Amino acid sequence: MYPFRTESTEAGCPKKIAIPDYFSLYNSSKRAITDNISSQFVYYLNLTSNHGKAGDCIECRQCEKACPQHLKIVEHLKDVSELFDNGRAYRQNNQLLPYVGYPRTLNAIRCLNEIIPE
Ligand code: SF4
């Protein structure tokens, strides 16, 4: 889990990666008690309709040069990508979302988490 959220690092990203939001969703997902389907993933997926995915990073490091906190953003984005682009949440939610749409997916996630054992 990353104990930060930064606002200025998205500026200038050629892939329009929503870095602060992705880190925030990653942190929130890691704090969650369950490893089941997460609403954070649905928010992530929604953001990727207008932004690049974490895995789209081309490692140009423009964000790191602009980051006042000197964060290793490229490395952290790899963790975000592993969780949201390739992980269990991706497989489960990506199957669900096309059938029921975004708002209903959040409700469906809550219902599924109640009945699916960890
Ligand atoms: S290193 Fe990745 S996240 Fe940072 S500006 Fe370049 S493409 Fe965007």
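When a ligand or atom number is given, it counts from 1 through the structure's own listing order. The analysis underlying the following values was restricted to heavy atoms, covering all of them including side chains, and did not include hydrogens, waters or symmetry mates. Residue numbers run from 1 in the order of the sequence given. Predicted model, so just to flag it, every value in this text is computed and none were measured.
- Between the side chain of Y43 and the backbone N or O of D21 there is no donor-acceptor pair closer than 3.5 Å.
- Contacts with ligand 1 closer than 4.0 Å are made by side-chain heavy atoms of I19 only, the backbone lying farther away.
- Each of the following atoms of ligand 1 lies closer than 4.0 Å to a heavy atom of R61: 1 (S), 6 (Fe).
- No donor-acceptor distance shorter than 3.5 angstrom exists from the side chain of N27 to the backbone of S24, with no hydrogens or angles considered.
- Contacts between L77 and ligand 1, counted as non-hydrogen atom pairs separated by less than 4.0 Å, involve the side chain only.
- Per-residue contacts place V74 under 4.0 angstrom from the following atoms of ligand 1 (heavy atoms of the residue considered): 1 (S).
- Side-chain atoms of D56 never come within 3.5 Å of backbone atoms of K15 as a donor-acceptor pair (strictly under, hydrogens ignored).
- Rounded to the nearest 0.5 Å, atoms CD1 (I73) and OH (Y22) are 14.0 Å apart.
- With hydrogens and angles ignored, the 3.5 Å screen pairs a side-chain donor or acceptor of E64 with a backbone N or O of V74.
- Among the atoms of C13, an N, O or S atom falls under 2.8 Å of atom 8 (Fe) of ligand 1.
- Atom 2 (Fe) of ligand 1 has no N, O or S atom of C63 under 2.8 Å away, backbone or side chain.
- At a heavy-atom distance under 4.0 Å, no atom of E64 approaches ligand 1.
- Environment of NZ in K78: crowded, with over 12 heavy atoms of neighbouring residues, nucleotides or ligands closer than 6.0 Å.
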